[in-house]
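A short worksheet on the structure shown next.
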Number of protein chains: 2
Amino acid sequence: MGISIKEASEKLGLAPHTIRYYEKEGLLPALQRDEYGNRIFEEKDLESISLLNCFRVTGLPVATLKQMVDLTLQGDSTIPQRAAILREYKQDLVRQQQELDRAFAIVNMKLSKYDLLEQGQLAPQDRMGL
Amino acid sequence: MGISIKEASEKLGLAPHTIRYYEKEGLLPALQRDEYGNRIFEEKDLESISLLNCFRVTGLPVATLKQMVDLTLQGDSTIPQRAAILREYKQDLVRQQQELDRAFAIVNMKLSKYDLLEQGQLAPQDRMGL
DNA sequence: TCTTGACGTAAAGTACACTTTAAGCCGTAT
DNA sequence: ATACGGCTTAAAGTGTACTTTACGTCAAGA
């Protein structure tokens, strides 16, 4: 049925330690164990972890994820609080999007400038920092 | 002519300490001082710091920024190395862009689902984690 | 049987980027 | 004249998210 932490780790691209850490922090409250106490991962667990990881790598702190999980365990009455957290998080995603756009623009500009310089097409006074 | 660290800090939205930290790490090698040793910031310094900050908040480590600054100080012969760093960084920006897109999609889906649930329009079995 | 490898826990350690602390100098306002 | 606010330095401290270590259990293969 379910898979081991090693297999889950490989499917998710996360270290086994990181998954144990997430469980210890209360991010995976429904994880099953086998007769020896080993964690068993089903498809829904992999999806949960993948979602947690997606939010994590885009800047949502572990503590906030924990808060969301706890609210979810309390039932539908906490939906307004969860929605509030998500709306704030979304604002942050927008900010990150803007920063990413700016970084892209600068990198592309510099890379084309480097190309021209390597071909000797650009005068020195047209150069810029970094 | 130039402005103080306090003013620069306000213009950039960075703590004065952070700017001093960047200078100490070698990220600002050309910063001028006044007769009392106080840092003086000109427009080009603000631009440099703003660029450094843009790259930083989009995941480029301080150590890599330092590497770029050092290479730049060595002249045009290091352009190939700088271009290589920027290309790798750009790859990472693409990865971040994808993660951001996924996070946006999930957040939007959840927010609309919350809206429907609050209106009692959605059956319980249609609900999802978090 | 015994070693190997994967799993477990708890706790300490690491990496990164600041951030705070401590101590001191400088020019102006009271 | 002396206290205040802003600047300086060097070094220690903080927060976050892992990551590593140390130690122990278990089941299968040589």
Side-chain angles (χ1 to χ4, degrees), chain A residues 1-29 31-42 45-46 49-69 85 89 92 96 99 103, chain B residues 1-29 31-42 45-46 49-69 85 89 92 96 99 103:
Chain A
M1 263 295 6
I3 62 175
S4 73
I5 197 170
K6 178 114 186 278
E7 291 165 315
S9 147
E10 281 158 6
K11 283 205 183 199
L12 292 162
L14 287 175
H17 279 131
T18 304
I19 298 173
R20 291 194 198 103
Y21 165 71
Y22 281 177
E23 193 200 19
K24 201 179 63 172
E25 293 300 308
L27 267 40
L28 305 168
L31 215 49
Q32 296 305 119
R33 303 291 184 119
D34 70 9
E35 49 185 338
Y36 308 113
N38 296 346
R39 293 166 185 83
I40 300 169
F41 297 80
E42 316 243 351
D45 299 313
L46 299 181
I49 298 169
S50 176
L51 186 148
L52 290 169
N53 187 53
C54 175
F55 281 13
R56 259 297 303 126
V57 300
T58 51
L60 204 64
V62 169
T64 308
L65 286 171
K66 163 79 163 139
Q67 214 181 327
M68 293 280 290
V69 170
I85 291 171
Y89 170 44
D92 191 65
Q96 285 187 55
E99 284 158 352
Chain B
M1 263 296 1
I3 63 175
S4 73
I5 196 167
K6 178 114 186 280
E7 293 164 314
S9 148
E10 281 157 6
K11 284 206 181 197
L12 292 162
L14 287 174
H17 280 131
T18 304
I19 298 172
R20 292 193 196 103
Y21 165 70
Y22 282 178
E23 193 200 19
K24 202 178 62 171
E25 294 300 309
L27 266 41
L28 305 168
L31 214 49
Q32 296 306 118
R33 303 292 184 118
D34 71 7
E35 49 184 339
Y36 308 113
N38 296 347
R39 293 167 186 82
I40 299 169
F41 298 80
E42 316 244 350
D45 299 313
L46 298 181
I49 297 169
S50 176
L51 185 148
L52 290 168
N53 186 53
C54 175
F55 281 14
R56 259 297 303 127
V57 300
T58 51
L60 203 63
V62 169
T64 308
L65 286 171
K66 162 79 163 136
Q67 216 182 325
M68 292 280 290
V69 171
I85 292 172
Y89 170 44
D92 191 65
Q96 285 187 56
E99 284 157 352

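For CD of A:E25, the number of neighbouring non-hydrogen atoms (other residues, nucleotides, ligands) closer than 6.0 Å is greater than 12.
A straight line from CZ of B:R33 to P of D:dC7 spans 12 Å, rounded to a whole angstrom. The distance from atom CG of A:L14 to atom C1' of D:dC18 is 11 Å, rounded to the nearest whole Å. A straight line from CZ of A:F55 to P of D:dA17 spans 15 Å, rounded to a whole angstrom. Atom NZ in A:K66 sits about 15 Å away from atom P in D:dT16, given to the nearest Å. The separation between B:K24 atom NZ and D:dT8 atom P is 13 Å, rounded to whole Å. The CD-P distance, from B:Q32 to D:dC7, rounds to 18 Å in whole Å.
Within the 4.5 Å cutoff, the side chain of B:L28 has heavy atoms near those of the B:L52 side chain.
When the nearest nucleotides of DNA chain C are assigned to A:E7 and B:Y21 by heavy-atom distance, the more 5′-ward of the two goes with A:E7.
Here the range on DNA chain C touched by chain B, meaning any atom under 4.0 Å from one of its heavy atoms, is C:dA17 to C:dG27.
The list of side-chain hydrogen bond (donor to acceptor under 3.5 Å, both in side chains) pairs with a residue in residues 49-63 of chain A, not counting sequence neighbours, reads A:S50-B:R102, A:T58-A:Y89.
Residue A:Y22 has no polar side-chain atom (N or O) positioned under 4.0 Å from OP1 or OP2 of D:dA17. For the pair A:T18 and D:dT19, the criterion of a side-chain N or O lying under 4.0 Å from OP1 or OP2 is met. For B:R39 and D:dT8, the shortest distance from a side-chain N or O to OP1 or OP2 is below 4.0 Å.
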Would you tabulate the side-chain donor-acceptor contacts of residues 7-21 of chain A under 3.5 Å, counting partners in other chains and residues two or more places apart, or write 'none'?
| residue | atom | partner | partner atom | Å |
| --- | --- | --- | --- | --- |
| A:E7 | OE1 | A:S4 | N | 2.9 |
| A:E7 | OE1 | A:S4 | OG | 3.3 |
| A:S9 | OG | A:L14 | O | 2.8 |

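Within 4.0 Å of B:Y36, counting heavy atoms only, lie sugar-phosphate atoms of the nucleic acid but no base atom. Contacts of A:R20 with the nucleic acid, taken as non-hydrogen atoms under 4.0 Å apart, include base atoms. Among the protein residues, B:P16 comes within range of no part of the nucleic acid, since none of its heavy atoms lies under 4.0 Å from any strand.
Between D:dT9, D:dT20, D:dT19, one nucleotide has an atom nearer to the side chain of A:H17 than all others, and that is D:dT20.
Here CG of B:L46 is found 12.5 Å from CG of B:L51. Values are rounded to the nearest 0.5 Å. In this structure, CG in A:L31 is found 5.0 Å from CD in A:E23, a value given to the nearest 0.5 Å.
Between B:L65 and B:L60, the shortest heavy-atom distance links the atoms CD2-CD2, 3.7 Å.
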